[in-house]
Number of protein chains: 2
Amino acid sequence: MGETATDQSTPVTEGRRQRVRRETMVELKQAALDEVRERGAVGLSLRSVARRMGMSPAGLYRYVASREDLLTTLIAEGYQDLGHHLEVANGAPAHVGGVPDRPPPSPPVIAGPETDVADRTRAVALAYRHWAVSHPNEFGLLFGDPIPGYEAPTGGPTVAGMRRVGTGLAQPLVEAWQAGRVRTHPAMADPELRAGLSPVLEFESELSVEAFGLFLLAWGRLHGQVSLEVFGHHRWLFPDGCEPLYRADVEMLLSELGLFDEPTGDGPGEPHGHDPA
Amino acid sequence: MGETATDQSTPVTEGRRQRVRRETMVELKQAALDEVRERGAVGLSLRSVARRMGMSPAGLYRYVASREDLLTTLIAEGYQDLGHHLEVANGAPAHVGGVPDRPPPSPPVIAGPETDVADRTRAVALAYRHWAVSHPNEFGLLFGDPIPGYEAPTGGPTVAGMRRVGTGLAQPLVEAWQAGRVRTHPAMADPELRAGLSPVLEFESELSVEAFGLFLLAWGRLHGQVSLEVFGHHRWLFPDGCEPLYRADVEMLLSELGLFDEPTGDGPGEPHGHDPA
DNA sequence: TCACGAAGTGAACATCGTTCACGACTCACC
DNA sequence: GGTGAGTCGTGAACGATGTTCACTTCGTGA
């Protein structure tokens with residue numbers, strides 16, 4: 001653990017009090033994360049976390065405003081963890097920030113920056129499922145029943161984590177789009193859809209309306225497969241997991257996005273259209 | 001409600017005791033369902049249900065073994081409700097069984113048996129989202145965090161409801177398949193996938209391996225969009241809901257399944273293949 | 001050294017799921 | 001019609017939970 005902490009190389013600006021507070025906070029989050037991993041998000045109990053830490057339940061309130069507050073902290077860190085996992089699969093550079101101490105198992109496929117964009121998209125898609133099936137309770141924490149009545153503040157760490165996951169998923173697709181290799185579909189030209197999508201693009205200016213819509217649909221598509229599997233709705237069909245089915249879906253998605261076609265050299269403004277309907 | 005019950009036309013086999021017990025059971029489930037609709041599945045409290053019924057908390061245990069048991073009952077009925085909704089959208093005949101007293105709003109599009117299979121598939125797909133967004137907490141009950149450690153018994157009412165939902169979703173696709181109008185994809189030919197899928201077909205004998213896999217993928221694909229929307233992960237993008245995006249996905253799905261192509265007259269054994277990869 | 005504020009404790013409160021002994025009532029049977 | 005058995009519902013109770021509060025302990029800056 002952090003047992004071998006830098007005893008004297010610690011910056012002098014941080015006194016003993018701040019250090020132990022920081023360490024206690026880390027220990028608290030780790031204990032809560034262990035609880036979630038073992039008993040699920042709904043089973044998270046502050047008293048149990050306190051017991052695990054050898055602390056009085058009331059003492060936790062020096063670090064956490066409420067049980068719900070602790071849950072949202074875990075949610076934000078879960079997004080960061082998942083986002084990091086996706087970045088590694090995409091062949092991320094050294095940049096690693098806000099990643100928990102205990103790193104998750106590496107994704108099954110790790111691409112590199114020079115890898116073909118189809119392979120990178122596949123790697124990210126497989127990493128999404130991989131993280132989910134190896135962290136089922138955290139996946140449920142992030143994507144299961146929302147905390148009733150909770151709305152993530154727009155500037156807060158929760159949406160920051162969601163954005164990291166989103167960009168981690170979208171990164172290969174953005175590059176493919178910019179290389180003119182994404183095939184769009186006539187259904188994306190619906191004016192109502194474009195009208196609903198366009199205000200969003202103030203945030204996501206790297207993509208066109210169609211491309212952003214396609215990304216959302218691709219994410220949702222993969223998310224559905226993963227969600228049904230992780231939440232057990234396919235267990236009676238596939239007791240050993242749904243990886244082959246998921247792989248087939250990913251291949252279909254890649255081919256429908258046109259990522260297997262020859263690059264046309266078109267810019268993002270002129271993606272090659274769908275085959276004649 | 002059932003106030004105007006058939007007072008004397010009730011079969012004599014049911015005495016007063018059985019009748020009030022049945023009525024109390026209905027009232028209990030309705031009160032619990034109201035609780036779930038208002039406060040979500042995790043907020044369901046037996047004491048609150050008892051208060052709503054003007055009853056002592058302990059009295060509920062004459063009707064329900066535990067809180068978890070009540071939840072699984074609600075889950076089973078929720079599946080039945082959703083399945084009924086899908087059947088109505090598909091233009092179901094008079095057969096209606098196990099539908100709760102208060103019927104849900106009708107699906108936005110109701111097809112008929114003579115409607116084209118693409119239109120019926122679209123109607124069912126739209127009905128899936130429609131039920132979900134108009135019953136968000138019940139959707140969370142069915143498809144959100146599973147009750148930790150609970151596994152639905154294979155013969156029980158839960159899987160019966162799941163099967164009704166599955167067949168309700170699959171019905172148009174089964175017909176399209178049998179009419180030879182479903183276009184498959186080379187990725188579905190993966191031998192490992194076929195091996196994992198084939199034991200399932202002992203239950204679902206109407207479909208081939210590829211067709212059943214395609215159905216599962218289509219379901220998951222739609223489910224993902226709905227799930228992300230209902231659980232609020234798209235609210236910051238689309239505060240007014242994701243219907244246009246979802247409609248685009250449905251149209252893409254229909255065209256990728258080949259349901260817009262001219263019928264070839266091939267039997268289910270010989271679906272027309274995918275366009276050259 | 002000393003006063004301030006942070007960290008942690010134990011007791012308490014309201015709520016929850018659940019159990020249990022007990023009274024009231026229903027129903028089948030003589 | 002009476003009667004015994006079984007059902008229905010109640011109130012009290014137990015252990016657990018989230019949360020608050022007064023109080024002590026102790027690090028830290030002046």
Side-chain angles (χ1 to χ4, degrees), chain A residues 5 7-8 10-29 31-32 35-36 38-74 141 145 147-150, chain B residues 7-8 10-29 31-32 34-36 38-74 141 145 147-150:
Chain A
D7 282 326
Q8 50 201 12
T10 297
V12 217
T13 68
E14 187 189 53
R16 164 178 171 79
R17 206 170 215 166
Q18 300 182 35
R19 193 194 58 200
V20 305
R21 177 173 181 86
R22 187 174 41 79
E23 289 171 354
T24 307
M25 190 68 207
V26 168
E27 183 188 348
L28 199 168
K29 288 188 292 193
E35 275 275 304
V36 167
E38 292 173 17
R39 321 215 294 218
V42 308
L44 177 68
S45 142
L46 281 187
R47 292 186 114 101
S48 177
V49 170
R51 274 193 297 272
R52 204 183 274 256
M53 300 175 64
M55 203 170 164
S56 151
L60 295 189
Y61 285 81
R62 299 284 171 192
Y63 298 87
V64 151
S66 64
R67 190 188 104 108
E68 182 179 316
D69 173 63
L70 175 58
L71 276 176
T72 61
T73 302
L74 293 181
L141 176 67
D145 283 296
I147 300 176
Y150 174 72
Chain B
D7 282 328
Q8 49 199 11
T10 296
V12 217
T13 68
E14 187 189 54
R16 164 180 170 78
R17 205 168 213 168
Q18 301 182 35
R19 192 193 59 199
V20 304
R21 177 172 181 85
R22 188 173 42 78
E23 288 172 354
T24 307
M25 191 68 208
V26 168
E27 184 188 348
L28 199 169
K29 288 188 293 192
D34 291 344
E35 276 276 302
V36 167
E38 292 173 16
R39 321 215 295 219
V42 307
L44 177 67
S45 140
L46 281 187
R47 292 186 115 103
S48 177
V49 171
R51 273 192 298 270
R52 202 184 276 257
M53 299 175 65
M55 203 169 163
S56 151
L60 295 189
Y61 284 81
R62 300 281 172 197
Y63 299 87
V64 153
S66 64
R67 191 189 104 109
E68 182 178 317
D69 173 64
L70 174 58
L71 276 176
T72 61
T73 302
L74 293 181
L141 176 68
D145 284 295
I147 300 177
Y150 173 71

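Order of the sequence lines fixes the chain letters, A, B, ..., with proteins taken first and strands second; residue numbering starts at 1 for each chain.
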Which residue, B:Thr24 or A:Ser66, contacts DNA chain D at a nucleotide closer to its 5' end, judged by nearest heavy atom? B:Thr24
Start at the 5' end of DNA chain D and walk down; is the nucleotide closest to A:Arg51 or to A:Ala65 reached first? A:Arg51
Which heavy-atom pair separates A:Val64 from A:Asp69 by the least distance, and what is that distance? CA-OD2, 3.8 Å
Minimum heavy-atom distance B:Ala41-B:Val36, with the two atoms named: N-CG1, 4.2 Å
Calculate the interatomic distance between [X] atom [atom1] and [N] atom [atom2]; express it in whole Å.
X	N	atom1	atom2	answer
B:Leu46	D:dG9	CG	C1'	16 Å
A:Arg62	D:dT19	CZ	P	15 Å
A:Leu60	C:dT9	CG	P	9 Å
A:Tyr61	C:dG10	OH	P	17 Å
B:Arg22	D:dT7	CZ	P	18 Å
A:Glu23	C:dA6	CD	P	19 Å
B:Arg47	D:dA16	CZ	P	16 Å
B:Gln18	D:dC8	CD	C1'	14 Å

So what does B:Leu70 hit on the nucleic acid, given a heavy-atom distance under 4.0 Å: a base, only sugar-phosphate, or nothing? nothing
Classify the nucleic acid contact of A:Tyr63 as base, sugar-phosphate or nothing, counting any heavy atom under 4.0 Å across all strands shown. sugar-phosphate
Just so I know, are the side chains of B:Thr24 and B:Arg62 near enough to count as touching, which here means a heavy-atom distance under 4.5 Å? no
Would a 4.5 Å heavy-atom cut-off, applied to side chains only, mark B:Met55 and B:Leu28 as touching? no
Measuring to OP1 and OP2 of C:dC16, would you say a side-chain N or O of B:Ser45 lies under 4.0 angstrom away? yes
Kindly say if B:Arg21 contacts the phosphate of D:dC8, meaning a side-chain N or O under 4.0 Å from OP1 or OP2. yes
With A:Met25 as partner, the option from A:Glu27, A:Lys29, A:Glu23 fulfilling side-chain contact (heavy atoms from CB on, under 4.5 Å) is A:Lys29
Report yes or no: is there a donor-acceptor pair, N or O only, under 3.5 Å between the side chain of A:Arg67 and the base of D:dG18? no
